[in-house]
Amino acid sequence: MTERSVNPLFSTALWLPAALASIFLLIIAQFSFLFFHTLAEFFSIIVSFVMFAFAWSTRRFIRNNFLLFLACGYFWVGALDLLHTLTYRGMQLLNEHHTHDDIAIQFWIGTRYLEALILLYSPFAARQKVRGKPIFFLFACISLIITVLVFNDLFPRTFIDGEGLTDFKIYSEYLIDLILLAALISLFRCGEGIRYREKQLIAASIVMTMLAELAFTFYVSVYGLSNIVGHLFKLASYWLIFNAIVISNIKKPYSELLASERRFRRLFENNEVALWNVDLSGVHGELENLRKRGVTNLRQHLYENREIAPALADTIHITDINTASLELFSAETDLDPRAQSEQLMRTLPMSMFVEQLCAIWERQPNIRHEVVFRNVDNEELAAIVSFQIPETILEYANVPVSVVDITQRKQDEQKIWRQANFDQLTGLANRNYFTDSLSHTIDLAERQGDKFALLYIDLDRFKQVNDTLGHSMGDKLLNDAAKRLKENSRKSDIIARLAGDEFAILLSGTGRPEVIEPLVTKLLNSLAAPYDLSGNETTISASIGIALFPEDGCEVADLLRKADSAMYKAKEDGRNNFHFFTEEIEKEALRKRQLEQDLNRAIENQEFELYYQPIETLDAEVISAEALIRWNHPLRGLVSPIEFIPFMEETSLIAPLGEWILKQACQDAMHWDHHCSVPPKVSVNISTRQFQNQNMPALVKQILTDTGLSADRLTLEITESLMIDDEDSTIHQLNSLRLMGVALSVDDFGTGYSSLSYLKKFPVSYLKIDRSFIQGLPNCQEDSALVEAILSMAESLRLQVVAEGVETSSQANYLASLKCRYIQGYWLSKPIPQHDFCNYLNTKLNSHQSRT
Ligand SMILES: Nc1nc2c(ncn2[C@@H]2O[C@@H]3COP(=O)(O)O[C@H]4[C@@H](O)[C@H](n5cnc6c(=O)[nH]c(N)nc65)O[C@@H]4COP(=O)(O)O[C@H]3[C@H]2O)c(=O)[nH]1
């Protein structure tokens with residue numbers, strides 16, 4: 001309900017006392033007019049003084065300018081009314097000269113002018129800043145002037161005995177009524193700062209005063225009826241203004257307090273944050289006692305007297321809790337909340353309580369703690385406990401403490417932290433956590449002069465397990481390997497999975513190889529033991545590189561890199577091995593890094609060039625030419641592919657270079673078409689990596705289309721290792737190439753794997769007997785036997801054979817005697833630059849033709 005909708009003028013509580021008082025005064029008037037007059041006037045005088053007392057004493061809290069202005073004015077109105085009452089005829093309190101009708105009425109008129117003007121100006125005062133003392137002084141002066149005028153007979157006559165009221169008196173009353181009318185209008189038009197309820201009551205009060213003034217224009221005798229009526233109106237007017245100013249202003253703070261209490265109670269009850277009202281007065285009292293006993297450092301005192309803190313904790317009581325608190329305490333709501341809260345309080349950590357005591361002691365304004373504790377169901381909870389230290393002693397009895405349950409947030413944070421720092425698959429630390437720990441261990445070891453070792457572990461040929469048994473089995477193996485690493489390490493060691501099949505261990509507290517070696521051997525042995533992958537028994541080995549702190553480095557990246565390089569060295573040394581980092585490894589790694597940079601630049605600057613080595617029949621007919629790459633190094637001159645091809649195969653650089661070689665070789669073969677009468681085929685070496693990482697049939701098809709070379713002019717030289725991989729995708733790619741018409745040749749035949757069964761599966765056309773078997777011919781019996789066996793096997797499988805590395809005529813003749821049709825080697829020609837190869841072909845053709 002709005003304030004405007006309640007009209008205070010219709011309230012019985014307002015009119016009933018006024019009506020009763022009027023009846024009472026009317027009865028009195030029948031017996032003694034003087035007594036009636038005195039009572040009626042004293043009522044208004046008391047109202048005026050009470051108004052002033054109330055406004056003056058509350059001016060700093062209420063800050064109501066309107067009220068203060070009115071009250072200051074009414075104080076002096078009351079004072080003048082007192083003079084009016086005391087000078088009334090028959091009062092006999094002053095001497096005879098000063099008590100007669102005219103003097104009392106003069107005071108009356110002067111006072112009413114003052115009152116009317118106060119009411120006229122008060123709405124304007126409501127909008128200004130009113131300073132009490134000057135205003136009070138101003139009204140004091142005006143009242144003094146009126147008093148002086150009246151007592152010195154300087155005030156105009158208002159009443160003449162026997163004649164009645166003078167014109168001055170009557171017209172003054174009219175004028176006062178006019179001023180009051182103006183006050184009424186200004187109250188509603190200008191009184192913006194005044195509450196509507198107050199306005200209504202004051203307006204009614206003004207109307208009553210106006211009626212009173214009118215009544216006072218009628219009497220001839222001061223004891224006449226109109227005088228009685230006028231005084232009753234005045235009584236009503238003062239009663240109304242008293243209600244407007246005093247009662248409503250006294251009621252207001254109480255009703256606001258009540259509303260605010262209700263608001264806060266709602267806020268307390270319906271708050272989603274757990275709120276406890278805690279009685280800290282006991283604690284406060286005890287702390288004050290300690291202070292009085294001369295304790296200056298509470299923390300120190302509590303440390304020296306351990307029993308104090310728990311004793312103080314016992315003085316704390318929870319006086320109130322809200323519903324959110326109940327949820328915090330227990331899932332079972334029928335438990336006694338107060339008992340639960342007391343029990344919960346006891347589970348809060350004492351360290352937190354000591355901190356809070358110190359904060360109260362130091363009079364810190366706010367206290368905020370993150371705590372972990374157990375609720376009545378013994379569940380672990382995390383919460384933020386916070387409260388404000390009260391300003392006054394009284395408030396210590398009721399300190400609101402908020403307890404925000406952050407258990408879920410903590411769990412989420414923990415989960416996120418685990419995800420960010422631990423490997424999901426194995427539960428080991430991840431690279432992030434490991435590098436942080438490494439950095440921390442370095443700092444600590446530097447300060448304490450400790451040593452430690454960093455182990456970099458890589459599983460050998462893990463990819464094969466993954467590819468053959470599938471990723472889930474690969475994951476299981478990684479998991480089992482991680483378990484074995486954990487089982488064979490100390491608790492203090494930090495074990496991490498850095499990526500894929502790479503692990504690392506931080507062995508703190510030891511940097512001595514004689515201690516590390518047995519441990520690493522134990523790790524290698526445990527990793528090499530068979531794994532049961534859902535029925536498939538699999539073995540896998542590992543290679544471990546070791547870097548030592550501080551000998552090998554004092555930086556995280558440095559140590560990791562060096563342990564990694566040492567691990568590669570262990571792999572090169574035959575796997576299932578470990579290697580400590582050495583300077584030589586570093587140099588080798590540096591060389592490789594340099595090479596990688598150089599090769600990258602070489603690809604960009606097109607520093608590569610193709611040479612061709614002919615493959616011929618024994619009667620000198622060039623049937624093909626093998627493309628062999630050379631690197632025109634700006635400083636080193638021509639660099640052999642032996643130096644860089646294996647390295648490029650390790651990195652991803654082989655793909656762009658292999659593509660360039662294939663395209664260039666096809667273009668060169670097309671060039672021979674135009675410059676040689678019998679152009680040969682072209683043979684291009686393709687590394688295993690290219691088949692694994694690229695779609696070779698698509699690439700070959702694209703290049704053949706781009707260059708215009710027909711597929712039957714192209715032979716791809718592949719290694720045995722590619723076929724031994726026996727992957728579906730490889731078989732598929734080779735079949736596609738063969739179907740396109742591209743011939744396949746097995747390079748370095750005989751050096752690879754013992755099983756020859758792959759020859760049945762793969763669509764190969766040529767076998768190239770490795771140079772190492774040709775070198776011993778014709779004298780070495782073993783080589784001769786092997787070459788003979790290869791030739792006879794090839795014949796039965798209908799495969800063509802090329803003998804590589806033929807350097808002498810005796811080798812060539814011997815091969816001819818064995819019916820080997822094709823040969824390649826320095827005996828025929830060394831690899832020739834592309835721009836000279838046409839000459840070679842033409843010369844060869846001429847001599848072949850002249851011979852035939
Ligand atoms: N001692 C001796 N050596 C002879 C004789 N006849 C040929 N050679 C050398 O034997 C290598 C034959 O090539 P490969 O076995 O495919 O072995 C090649 C091949 O595996 C690789 N390679 C060369 N060019 C390429 C290429 O374009 N792509 C790829 N992927 N690998 C290539 O580099 C290896 C070495 O190539 P090169 O140094 O050019 O060495 C060539 C060649 O110069 C001989 O009578 N006596």
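One-based numbering, in listed order, for ligands and for the atoms of each.
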For this session: Report, in ascending order of atom number, the atoms of ligand 1 lying under 4.0 Å from any heavy atom of D748.
Result: 15 (O)
Problem set entry | Test: E584 and R591 ion pair at under 4.0 Å | no
Exercise. In terms of residue, atom name and distance, what is the protein heavy atom nearest to atom 10 (O) of ligand 1?
Worked result: R771 NE, 4.0 Å
For this session: May I ask you to say whether D564 pairs ionically with R561, meaning some side-chain N is under 4.0 Å from a carboxylate O?
Result: no
Seminar exercise, completed: So the atoms of ligand 1 within less than 4.0 Å of a heavy atom of N685 turn out to be 16 (O), 25 (C), 26 (C), 28 (N), 29 (C), 30 (N), 31 (N), 32 (C)
Problem set entry | Heteroatom distance test (R630, ligand 1): nitrogen or oxygen, under 3.5 angstrom | yes
For this session: Could you check atom 22 (N) of ligand 1 against the protein and tell me its nearest heavy-atom contact, residue, atom and distance included?
Result: P641 CB, 4.0 Å
Exercise. Which of the atoms in ligand 1, numbered in the order shown and given with their element, are less than 4.0 Å from a heavy-atom of G825?
Worked result: 6 (N), 45 (O)
Seminar exercise, completed: Under 4.0 Å from one or more heavy atoms of S640, ligand 1 contributes atoms 38 (O)
Problem set entry | E626-ligand 1 polar pair, N/O distance under 3.5 Å | yes
Exercise. Looking only at N/O atoms, are Q775 and ligand 1 under 3.5 Å apart anywhere?
Worked result: no
Exercise. Any N or O on I661 sitting closer than 3.5 Å to an N or O of ligand 1?
Worked result: no
Exercise. Could E626 and K768 be called an ion pair, given the rule that one side-chain N must be under 4.0 Å from one carboxylate O?
Worked result: yes
For this session: Pick whichever of I642, L657, L628, D747 has a heavy atom sitting closest to atom 41 (C) of ligand 1.
Result: L628
Exercise. Of all the non-hydrogen atoms in the protein, which one sits nearest to atom 12 (C) of ligand 1, and at what distance?
Worked result: E804 OE2, 4.0 Å
Problem set entry | Minimum-distance protein heavy atom relative to atom 43 (O) of ligand 1 | P831 CG, 3.5 Å
Exercise. Going by distance alone, is a donor N or O of one side chain under 3.5 Å from an acceptor N or O of the other, for E596 and N600?
Worked result: no
Exercise. For ligand 1, which atoms sit closer than 4.0 Å to a heavy atom of G805?
Worked result: 5 (C), 6 (N), 44 (C), 45 (O)
Exercise. When only distance counts, is E807 in polar contact with ligand 1, meaning an N/O pair under 3.5 Å?
Worked result: yes
Exercise. Among protein heavy atoms, which sits nearest to atom 6 (N) of ligand 1, and what does the distance come to when rounded to 0.1 Å?
Worked result: Q613 NE2, 3.0 Å
Problem set entry | Option with minimal heavy-atom separation from atom 4 (C) of ligand 1, where the choices are Y826, W827, F608 | Y826
Exercise. Below 3.5 angstrom, do we get any N/O pair linking E649 and ligand 1?
Worked result: no
